[in-house]
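Being a predicted model, the structure only gives us computed values, none of them experimental.
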Amino acid sequence: MSSAAREPIPFVDLGTQKLRIRAEVDAAIARVLDHGQFIMGPEVAELEAQLAAHCGAQHAVACSSGTDALAMVLMAKNVRPGQAIFCPAFTFVATAEVVAWLGAQVWFVDVDADTFNIDPASLETAIADARAAGHEPVGVIPVDLFGIPADYDAVSKIAAREKMWVLGDAAQAYGARYHNRRVGTLALATATSFFPAKPLGAYGDGGAIFTDDSELADTLRSILFHGKGANQYDNVRVGMTGRIDTMQAAVLIEKLKIFDDEIEARNRIAARYTALLKDHVTTPVVPEGVQSVWAQYTVKLPASVDRDAIQAKLRDDGVPSAVYYAKPLHRQEAYSHYGIAGGSLPVTDRLAETVLSLPMHPYLDEDTQDRVVAALISAL
Ligand SMILES: *Cc1c(COP(=O)(O)O)cnc(C)c1O
């Protein structure tokens, strides 16, 4: 084998994108250095306007991270102890972490075996279980896992009946589509992350909240600046430091210009992976009317294979892989005391043992895709 063929493949390659936009990013950063408004500079409002226009939400509130975006919505909704918030257990820890911050009760819900997203039937079970435990159901946080929007129609129907709010955790799915609407318009509020490796990533931490509710947007702008009222030295509520840096906003404005093109590339690559892998593993299922942004391309391995051994063989071939998530949240020490829908989450537990995420980014060329595919088939 030639040395080029054995060169390690990056799991997420941010370098090729950087080459593409380097001159524009350098100029954007230089403009921030020149004007010197490092906090709440003009780029922040400009980014917010562009994001709102891009996804179709009335308001985009840029902030410090995806985690803070989630937390600030919970703060705005006055979440408190005794209240129950529902979220899938098969997600990144931040989804449940923010509920714990506010002392409310997390209730873990199982996920759909095909989409890996919150299972509406399990949500119904969790709501009944929470009530029986004396907790007041107030909100649900569906997660758009790996870039595929959750089943918002089903979740919203249940939430409306229960008079609960819906907060979308779209940290992995900004840009995705759901029946001709974009993520950011599918819930009362939607939180996203601009962590560098997310589909729309900054060069540091960042996030945003989308909503059509003007009062909520105003409250969030207050919370992210220490609960400011008329000015930052007038504190009308308890807030935090939740602002995005002007520098990151400037970077994101440049990245947003090429983002739709990158989403197309991700979809092209995912379709090719699926065509080449569908006879060997269970390839991702994208529901009718939905477009993913492929934060991850995640397959399910046959239950009989040793995933660690597969990953080791891939590594030998220079092909990185990752397991999101080997230890679901209801099995994490810090979260094991919270409620579980129906007492067990069988789909979550099965997925945790069988999923495998492959290299995915918009600049993955066909030769590299072929190397990943060949390595996986040979490892199997
Ligand atoms: C990345 C992620 C977050 C947190 O975003 P940060 O910007 O890293 O704080 C929250 N939820 C999910 C599902 C994520 O993948």
Side-chain angles (χ1 to χ4, degrees), residues 1-22 113-116 144-148 172-173 175-177 195-201 255 258-287 290-326 351 353-380:
M1 203 181 281
S2 77
S3 66
R6 290 195 61 85
E7 204 155 289
I9 295 168
F11 190 70
V12 173
D13 170 19
L14 297 171
T16 309
Q17 183 202 53
K18 187 172 68 185
L19 284 176
R20 179 177 175 185
I21 57 171
R22 181 66 191 249
D114 290 333
T115 64
F116 310 155
D144 307 332
L145 203 72
F146 304 150
I148 297 180
Q172 303 181 7
R177 290 173 192 275
F195 184 84
K198 307 280 175 168
L200 180 60
K255 292 223 189 177
I258 58 168
F259 186 49
D260 283 339
D261 178 52
E262 292 183 334
I263 293 173
E264 262 185 60
R266 286 175 182 273
N267 274 282
R268 227 173 16 247
I269 293 159
R272 193 157 178 280
Y273 263 158
T274 294
L276 297 171
L277 286 170
K278 66 178 179 347
D279 296 333
H280 305 274
V281 292
T282 308
T283 49
V285 176
V286 182
V290 164
Q291 188 189 48
S292 178
V293 287
W294 300 105
Q296 304 295 339
Y297 184 91
T298 303
V299 302
K300 285 186 279 184
L301 300 177
S304 55
V305 311
D306 177 349
R307 184 173 59 190
D308 289 344
I310 299 275
Q311 285 198 277
K313 280 189 193 161
L314 290 174
R315 212 174 301 123
D316 287 346
D317 282 341
V319 174
S321 62
V323 175
Y324 302 117
Y325 298 90
L351 289 175
E353 286 172 3
T354 55
V355 289
L356 187 69
S357 300
L358 303 178
M360 169 52 82
H361 60 81
Y363 303 95
L364 199 63
D365 61 41
E366 293 199 354
D367 286 348
T368 311
Q369 294 164 36
D370 290 343
R371 253 187 81 192
V372 173
V373 167
L376 179 57
I377 291 173
S378 127
L380 285 162

Can you tell me how far [atom2] of [Y] sits from [atom1] of [X], rounded to the nearest 0.5 angstrom?
| X | Y | atom1 | atom2 | result |
| --- | --- | --- | --- | --- |
| Thr368 | Asp13 | OG1 | CG | 9.0 Å |
| His280 | Leu301 | NE2 | CG | 13.0 Å |
| Leu358 | Ile269 | CG | CD1 | 12.5 Å |
| Gln311 | Leu314 | CD | CG | 7.5 Å |
| Arg20 | Ile258 | CZ | CD1 | 4.0 Å |
| Tyr273 | Thr283 | OH | OG1 | 13.0 Å |

Checklist entry - Are Glu262 and Lys255 close enough, and set up right, to give a side chain to side chain contact (heavy atoms under 4.5 Å, CB included), and what steps lead you there? => result CA-CA 10 Å; Glu262 292 183 334; Lys255 292 223 189 177; over 6 Å; no
Would you name the heavy atoms of [X] and [Y] that are closest together and state the gap between them?
| X | Y | result |
| --- | --- | --- |
| Ser357 | Phe11 | O-CE1, 3.4 Å |
| Ser292 | Ile263 | O-CG2, 4.3 Å |
| Pro359 | Leu364 | O-CD2, 3.4 Å |
| Phe259 | Pro199 | CE1-O, 3.5 Å |
| Tyr324 | Phe146 | O-CZ, 3.3 Å |
| Gly175 | Val293 | C-CG1, 3.5 Å |

With sequence neighbours left out, what residues match [X] under side chain to side chain contact (heavy atoms under 4.5 Å, CB included)?
| X | result |
| --- | --- |
| Arg177 | Arg182, Gln291 |
| Arg22 | Lys18, Asp26 |
| Ala265 | Arg268, Pro362 |
| Thr282 | Lys300 |

Checklist entry - Given Val323 and Leu356, is the side chain to side chain contact (heavy atoms under 4.5 Å, CB included) satisfied, shown in steps? => result CA-CA 5 Å; Val323 175; Leu356 187 69; 4.2 Å; yes
Checklist entry - Among pairs that include at least one residue of residues 359-380, which meet ring pair (Phe, Tyr, Trp, His ring centres under 6.0 Å), considering only residues two or more places apart or in two chains? => result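 Checked against ring pair (Phe, Tyr, Trp, His ring centres under 6.0 Å) - neighbours excluded - no pair reaches residues 359-380.
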Next on the checklist: Test of understanding: with ring pair (Phe, Tyr, Trp, His ring centres under 6.0 Å), list the residues that count as partners of Phe195, not counting sequence neighbours.
Outcome noted: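 For Phe195, no residue satisfies ring pair (Phe, Tyr, Trp, His ring centres under 6.0 Å) once neighbours in sequence are set aside.
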Checklist entry - Is there a donor-acceptor contact under 3.5 Å from the side chain of Asp144 to the main chain of Gln172? => result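 Side chain of Asp144 to backbone of Gln172: no pair is present.
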Checklist entry - Distance-only, no hydrogens or angles: does the Asp317 side chain make a donor-acceptor pair with backbone N or O of Val319 under 3.5 Å? => result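 The answer is no, because no donor-acceptor pair under 3.5 Å joins these two groups.
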Can you name the residues that form a side chain to side chain donor-acceptor pair (under 3.5 Å) with [X], not counting sequence neighbours?
| X | value |
| --- | --- |
| Gln369 | Arg272 |
| Tyr297 | Thr274 |
| Thr354 | none |
| Gln296 | none |

Checklist entry - Stepwise, does the side chain to side chain contact (heavy atoms under 4.5 Å, CB included) test hold for Ile377 with Val281? => result CA-CA 9 Å; Ile377 291 173; Val281 292; over 6 Å; no
Checklist entry - Any side-chain heavy atom of Trp294 sitting closer than 4.5 Å to one from Pro284? => result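 Yes, side chains in contact.
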Checklist entry - So Ile148 and Val285, side chain to side chain contact (heavy atoms under 4.5 Å, CB included) or not? Walk me through it. => result CA-CA 9 Å; Ile148 297 180; Val285 176; over 6 Å; no
Item to check | Partners meeting salt bridge (charged side-chain N to carboxylate O under 4.0 Å, His left out) with Asp114 (sequence neighbours left out) | outcome: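 Testing Asp114 for salt bridge (charged side-chain N to carboxylate O under 4.0 Å, His left out), a comparison that skips the adjacent residues, returns none.
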